[in-house]
Amino acid sequence: MPEGHTVHRLAATFGDLFLGSRVSLSSPQGRFAAGSALLDGHVLVASEAYGKQMFLGFAPQPEAVPTEELRWLRVHLGLYGAWTFAGDPATAVVHAIGAPRKRVGERETVLAGGGGISSGASASPAPGDWEPPAPRGAVRVRLESEHACADLTGPTACEVLTTPEARAVQRRLGPDPLRPDSDPGRFVEAVVRSRSPIGVLLMNQEVIAGVGNIYRAEALFRAGQNPLAPGITVSREVVLDIWRDVAELMADGVRTGAIVTTRPEDRSRGEGLPDVGAPRRLARQNTDAEPGAVAREDSFYVYQRDGLPCRICRTPIALSVMATRNLFRCPTCQP
DNA sequence: AATAGATGCCAAA
DNA sequence: TTGGCCTCTATTT
């Protein structure tokens, strides 16, 4: 269950692991057999994220190929999609999973050896002898190089596109706060010209690309903004502040692999506030066990904290539904 | 064993 | 607004 920060990490991971390498593609599950065949044996020459979508560029040979002639694998993880990586022991440790999967001990690392999640006992093979682990579950696509492999499960979109087709997809997306070339003004104008609630606009990928349900809820809380307010009623200044805040939060997310929107002083473990309670459902963070990582129950102001007291004013967090998704809000702090 | 639910999104009504 | 899709995990029976 990724928002944009996860996809940007994934694109970076593919760059680390496969850029410049010839890769084989297969579809262990079978549902992407035709697409895999189109790219099988090609060289990865580009790895990019636009909002929640990742584009991997392939060329038939390593020699320079005009951009117009590349083939692109477009992957959108949707709600459940995930990538898992494995690599030989010599391969640098990298990061990134899509959907959080709480298997004991799982981290954002490349799994050395053939054993999958907890490869454990078996002696590491010599780098040259590395064999990728057997696919686990319904693997739509496997990318495999000499030293690493990546398995995709459960994507909402996975297809091969030409360059113009890929561009057409990208053009329909709003500015992505994680891309340096993005124009905040496009976001601001789209919001202040719309009668839709700002809580809907933030989830609209044509308005801003990469924001999902957590960043929506948290950014609106941090702005003290009622999600129901029509965009047209919000000042440009406030909208621009929201852009800047989201950009910073998401950049943190890329760095750490986890969404953390609380300021240290607002976390229950910190000074000051008495324990404000754990959520009843334990959503997962990729970095739970990481030393220094912020615990999941301290990471958010409102997301999945319905019924719990607001960290600032103690009013119970309210839950409703907006744009088909759960919306969390503090009725007092976000009037 | 069965079900609910998840950081998403589309098409049909 | 609703149903459908994709997959896996945690919770409930």
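Chain letters run A, B, ... following the sequence lines, proteins first and then strands; every chain starts at 1.
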When rounded to the nearest Å, what value does the distance between P atoms of B/dA1 and C/dC6 take? 24 Å
Rounded to whole Å, CZ of A/Arg216 lies from C1' of B/dT7 at a distance of 11 Å
Rounded to whole Å, OH of A/Tyr80 lies from P of B/dG5 at a distance of 12 Å
To the nearest angstrom, the CG-P distance between A/Leu77 and C/dC8 comes to 13 Å
note: A/His5, atom NE2; B/dG8, atom C1'; distance rounded to Å ~ 14 Å
A/Asn326 CG to B/dG8 C1', in whole Å, measures 13 Å
With sequence neighbours left out, the residues meeting side chain to side chain donor-acceptor pair (under 3.5 Å) with A/Arg22 are none
For residues 28-47 of chain A, the side chain to side chain donor-acceptor pair (under 3.5 Å) pairs (sequence neighbours left out) are A/Gln29-A/Arg140
Here the distance between atom P of B/dG8 and atom CE of A/Met322, to the nearest Å, is 15 Å
* Asked: Under 3.5 Å, is there a donor-acceptor pair linking the side chains of A/Arg142 and A/Ser26?
  -> no
Pull out every protein N or O sitting under 3.5 Å from an N or O of nucleotides 9-13 of chain B, one pair per line with the distance.
from: B/dC9; atom 1: OP1; to: A/His76; atom 2: NE2; distance (Å): 3.2
from: B/dC9; atom 1: OP2; to: A/Lys52; atom 2: NZ; distance (Å): 3.1

Taken in chain and number order and not counting sequence neighbours, the residues that satisfy side chain to side chain donor-acceptor pair (under 3.5 Å) with A/Glu159 are A/Arg74
Only pairs under 3.5 Å count here: list side-chain donor-acceptor contacts from residues 56-69 of chain A, not counting sequence neighbours, and write none if there are none.
from: A/Glu68; atom 1: OE2; to: A/Arg167; atom 2: NH1; distance (Å): 3.0
from: A/Glu68; atom 1: OE2; to: A/Arg167; atom 2: NH2; distance (Å): 3.0

Would you indicate what A/Glu206 reaches in the nucleic acid, counting non-hydrogen atoms under 4.0 angstrom: base, sugar-phosphate, or nothing?
-> nothing
Sorted by chain and number, sequence neighbours left out, side chain to side chain donor-acceptor pair (under 3.5 Å) with A/Ser194 holds for A/Ser196
In whole angstroms, the gap separating C1' of B/dG5 from CG of A/Leu79 amounts to 9 Å
